[in-house]
**Q** 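Quick one: the structure is below, questions incoming.
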2 protein chains.
Amino acid sequence: MPVAIRHDDLRKRNRAMVISSVRRAGQASRTEIAAVTGLSHSTISSISADLIGEGILQETKDAEPAATRRGRPQVAIELNPEAATVVTIVLLYNLLAGCVVDFAGTAIAGNAGKLTTAELSPEALVCRCVGLVEAMLAQPAVAGRRIDRITFAVQGTTDAARRVMLWSPITPHGHIDLATGIEAAFGVPVTVENDCNMIAVALQSTATARRHHDFIAVLLSHGIGMGLVLDGRPFTGTHTSGGEFGHMVYLPGGALCRCGQRGCIEAYAGNYAIARFARGQSEDELSADDLDIREIAAIGDVARRSEGREREAFRRAGAALGYGLGSLFALIDPAPVTLVGDGAAAFDLIEPAMRAALASTAGGRHADAITFDTEPDEMPLIELGCAMRALTQIDQEVLAAGVPAQAEAVEPA
Amino acid sequence: MPVAIRHDDLRKRNRAMVISSVRRAGQASRTEIAAVTGLSHSTISSISADLIGEGILQETKDAEPAATRRGRPQVAIELNPEAATVVTIVLLYNLLAGCVVDFAGTAIAGNAGKLTTAELSPEALVCRCVGLVEAMLAQPAVAGRRIDRITFAVQGTTDAARRVMLWSPITPHGHIDLATGIEAAFGVPVTVENDCNMIAVALQSTATARRHHDFIAVLLSHGIGMGLVLDGRPFTGTHTSGGEFGHMVYLPGGALCRCGQRGCIEAYAGNYAIARFARGQSEDELSADDLDIREIAAIGDVARRSEGREREAFRRAGAALGYGLGSLFALIDPAPVTLVGDGAAAFDLIEPAMRAALASTAGGRHADAITFDTEPDEMPLIELGCAMRALTQIDQEVLAAGVPAQAEAVEPA
DNA sequence: GCTCATTTTTTCGAGCTTCGAAAAAAAGAA
DNA sequence: TTCTTTTTTTCGAAGCTCGAAAAAATGAGC
């Protein structure tokens, strides 16, 4: 099953390693790269000379003298921002936002707009995406740049090949093939990623000691999503984008969930579920999807002031999350958790019940030491993760292979 | 983070590939190996000549003419049974069983015995294991063989390094370091694996099309365990052996579980839970661990004959399993399930409620197509998986590296 | 029984790759 | 100005895989 390593792959892999170590470090000298990768100095010298020659890396110009030590000073190497350009598109409920990002990860153009996703046909949706990208490409900052890849981050599940949005709360239509349509329009590879997975990628790229090998990002918003990094790699499901934490079962036969089933975690911890309970609505009732975020904030304010249905709503959300994390921890062991999204702003209301629930599970038995990070604004994370994903793919699939030599120029005789 | 590939690793990896492809196929010609691995014929020729010269592989003697085609006949290559010898030790509640297995995977000696695990101190437990191995090594069939590795399969969780049994239902003692003690006694590497993970390894080694890339093995016995193969690799947790499916939460605050918490799946689907309900005992009550398996069988017989508490007990077990699988499927997507252990003998009693529960979850929405395999006898699977694990480790860690040349013989001058 | 066709396996040289040692380069210290 | 120290490059050696060609081993056909 494991595919053999060809001799030619060796250089390719090691080139990818060098690129990725520079990407992670931002700037790195050849000596540092050698230390990180474990390759010899001579190999790094050879590879980095190639990469600089190909315009993928460059020696840093504004040499910070930094720690002025004795001996020949290190030459910092960095990514050449011109080496490639990617486009990210974030598609959420009633929101479409795009970014043009250079090879070093700097956004050079952006565009965002409201749209009523639920009312658009799949074709119209693709059309809007094309329009968004075209508008960005017309901006002067992008002039003259060739786009190398477009990567989506969408709410909902995607297929394993990351080309199709299988299901999404933003639209009644299933199985929307975003990749093929956009690829046809721009002639570059397109992949479709799950938004929560991109949050996890973003958190990994800004990894602290806390979030290193294994961690969990839970998106608390209208619905509940999750991104998982296990053993240093973003975990995606086996057939789909997976990680549907919000649809693990909390109370069998319980409250009605947007997905049509009952008792999902989301049916207790999603914004709509919190509002539903706070308003005193039936658990069999599904409100409209366009719940105003300010209503949740208002419920939170009431909950902080006095005991009542509002406070109880957050308590129930916390319990659902706590038991869900307990089940998750039973499967994969406890790991640091980052709560992302506007639900994280109500962490104070959620935490006590969540911790109590977690502590009463087998998986969370020793989890009282776990700290929770909160990150109320998810958009920057989704965009960052999406850009990192696109760039990493460029690193490993395109640039690692190297130029196919000038064989082409010679042959036609 | 990803470690670079050294030039020396190349041959090592490709040697491991050749060994593992022969192990998987049982017998394979050089041409077949080349096709499977993707390496060139010349490389395979070179590597297999080395491996045969080192006594790791051998050309098959009793050449089956097989399909008598035109041209030079293929020479089948197989594992040399003498190349290595491993010992497997299965440690379950009141049961200790060992096997000596040759390099080709054939058991050449075995020994099993009852013992009261709950009453033994950690030291006494190690002592019994040492005695078991010594008794096997004294058998004539094993005479003259050097043992290369000892691998445990134990009930309970192990640490990530697979050296310590962190917690087990078979003993009140926690954190029993089996590896260090046994390593000291026999001077060979020892690893400690979780029994359910070994079941998954065994099922993978006998993989059919059905169980290929992703599948789930659920052990239904006194407790509930799980082994998971994701993306072709056995999944183990991040800190521990993980996969504690039985301790995912089914009903928050529900029935008392052996683990001390409430509402775990095991507290409804474990043998003890089924018996507890059938007997009309309180859900707060924990019976002794040594429930006779015949009692469960008897409850099953009653359940099949008439409606009543007995039948309801299995129904409850099925519901707990169904909702648990639904949550699991939400996380990792649906995958084929094999039910293993004596609980699988009651599959007819469990199935309807399990399917109904599964169908009412988001993860199991499209899971009506899923078929369940049953495998009532878990011991052969645990032993097979344990042997495969030990041998695979030998393949990749010891033999792939090759002989360190005769450098040793020359140097002392 | 001999020759030819066919398939498998080995041999051999070419082309890469990585590595270690030594050399070269570039700075501070004296 | 010379010496030290550190980084980077150069160069030859050794190892690996690959493709082409040769060798080996057998059935088919006459």
Side-chain angles (χ1 to χ4, degrees), chain A residues 3-18 22 27-53 57-60 63-77 400-405 407, chain B residues 3-18 22 27-53 57-60 63-77 400-405 407:
Chain A
V3 174
I5 303 181
R6 306 291 207 59
H7 198 227
D8 347 358
D9 296 339
L10 233 176
R11 188 54 169 262
K12 185 176 165 186
R13 289 206 186 207
N14 288 339
R15 281 168 61 103
M17 285 267 313
V18 170
V22 173
Q27 285 190 343
S29 71
R30 293 168 176 81
T31 307
E32 287 164 351
I33 297 172
V36 169
T37 60
L39 294 167
S40 72
H41 284 199
S42 34
T43 301
I44 296 302
S45 181
S46 159
I47 291 178
S48 51
D50 285 356
L51 293 174
I52 291 172
L57 301 181
Q58 62 187 14
E59 297 193 343
T60 307
E64 278 183 19
T68 169
R69 282 181 306 175
R70 202 163 166 168
R72 179 173 175 172
Q74 302 190 347
V75 181
I77 294 178
V403 288
Chain B
V3 173
I5 303 182
R6 306 292 206 60
H7 198 226
D8 346 0
D9 295 340
L10 233 179
R11 188 55 169 257
K12 186 176 164 186
R13 288 206 186 207
N14 288 339
R15 281 169 59 104
M17 285 268 311
V18 171
V22 173
Q27 285 190 341
S29 71
R30 292 168 175 82
T31 307
E32 287 165 352
I33 298 172
V36 169
T37 59
L39 295 167
S40 72
H41 285 199
S42 35
T43 302
I44 297 302
S45 182
S46 160
I47 291 178
S48 51
D50 285 357
L51 292 175
I52 290 172
L57 302 181
Q58 61 187 14
E59 298 193 342
T60 307
E64 278 184 19
T68 168
R69 280 182 307 175
R70 205 162 164 169
R72 179 173 174 173
Q74 301 190 347
V75 181
I77 294 178
V403 288

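Reminder, nothing fancy here: chain letters follow the sequence lines and each chain counts from 1. Keep in mind that what you see is a predicted model, and the values were worked out from it rather than measured. Note that these values count all heavy atoms, side chains included, but never hydrogens, waters or copies made by symmetry.
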**Q** Strictly by modelled atom types, are Thr43(A) and Ser40(A) linked by a side-chain donor-acceptor pair under 3.5 Å?
**A** yes
**Q** Could you give the CD1-to-P distance, from Ile47(B) to dT10(C), as a whole number of Å?
**A** 13 Å
**Q** Please report, rounded to the nearest Å, how far the C1' atom of dT9(C) is from the CD1 atom of Ile77(B).
**A**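 It is 10 Å, rounded to the nearest whole Å.
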**Q** Roughly how many Å is it from CE in Met17(B) to P in dC16(D), rounded to a whole number?
**A** 16 Å
**Q** Taking atom CD1 of Ile47(A) and atom CG of Asn14(A), what is their separation to the nearest 0.5 Å?
**A** 5.0 Å
**Q** Polar atom pairs between nucleotides 28-30 of chain C and protein, under 3.5 Å, N or O only, would you list them?
**A**
from, atom 1, to, atom 2, distance (Å)
dG28(C), N2, Arg70(A), NH2, 3.2

**Q** Between Ser46(A) and Gln74(A), which is nearer to the 5' end of DNA chain D once each is assigned its nearest nucleotide?
**A** Gln74(A)
**Q** Mind jotting down which residue pairs meet the salt bridge (charged side-chain N to carboxylate O under 4.0 Å, His left out) criterion with at least one end in residues 38-48 of chain A? Sequence neighbours excluded, please.
**A**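 Salt bridge (charged side-chain N to carboxylate O under 4.0 Å, His left out) check on residues 38-48 of chain A returns no pairs.
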**Q** Is the distance from OP1 or OP2 of dT17(D) to the nearest side-chain N or O of Asn14(B) less than 4.0 Å?
**A**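 Answer is yes, contact under 4.0 Å.
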**Q** Report which part of the nucleic acid Thr31(A) touches: base, sugar-phosphate, or nothing (heavy-atom distance under 4.0 Å, all strands).
**A**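 Sugar-phosphate, no base atom in range.
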**Q** Once you round it to whole Å, what is the distance between P of dT9(C) and CG of Leu57(B)?
**A**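 Result: 14 Å.
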**Q** Considering just the side-chain nitrogens and oxygens of Arg30(B), establish if one lies under 4.0 Å of OP1 or OP2 belonging to dT10(C).
**A** yes
**Q** Between N or O atoms, less than 3.5 Å apart, protein on one side and nucleotides 20-22 of chain D on the other: list the pairs.
**A**
none

**Q** When the axes are fitted on five pairs at both termini, how much does the helix from dG1(C)-dC30(D) to dA30(C)-dT1(D) curve, in 10° steps?
**A**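 The angle separating the two end axes equals 10°.
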**Q** Can you list everything that forms a side chain to side chain contact (heavy atoms under 4.5 Å, CB included) with Ser29(B)? Sequence neighbours excluded, please.
**A** Thr31(B), Glu32(B), Gln74(B)
**Q** Calculate, to the nearest 0.5 Å, the distance between atoms CE and CG belonging to Met17(A) and Leu39(A) respectively.
**A** 6.0 Å
**Q** With a 4.0 Å cutoff (strictly under), does any side-chain N or O of Arg11(A) reach OP1 or OP2 of dC16(C)?
**A**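 Looking at the OP1 and OP2 atoms of dC16(C), neither is under 4.0 Å from any side-chain N or O of Arg11(A).
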**Q** For Asp9(B), what residues pass the salt bridge (charged side-chain N to carboxylate O under 4.0 Å, His left out) criterion, not counting sequence neighbours?
**A** none
**Q** Could you state the atom-to-atom distance from CD1 of Ile33(A) to C1' of dT8(D) in whole Å?
**A** 12 Å
**Q** Hey, does the side-chain of Arg72(B) have a donor or acceptor N/O within less than 3.5 Å of a partner on the base of dT8(C)?
**A** yes
**Q** Any luck finding a side-chain donor-acceptor pair between Arg15(B) and Ser48(B) under 3.5 Å?
**A**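 No, no side-chain donor-acceptor contact under 3.5 Å.
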**Q** Using atom CG of Asp9(B) as one end and atom C1' of dC19(C) as the other, report the distance to the nearest whole Å.
**A**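 Rounded to whole Å, this separation is 13 Å.
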**Q** How close or far is atom P of dT9(D) from atom CG of Asp50(A), stated in whole angstroms?
**A**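 Nearest whole value for this atom pair: 11 Å.
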**Q** Between P on dT18(C) and CZ on Arg15(A), what's the gap in Å once rounded to a whole number?
**A** 11 Å
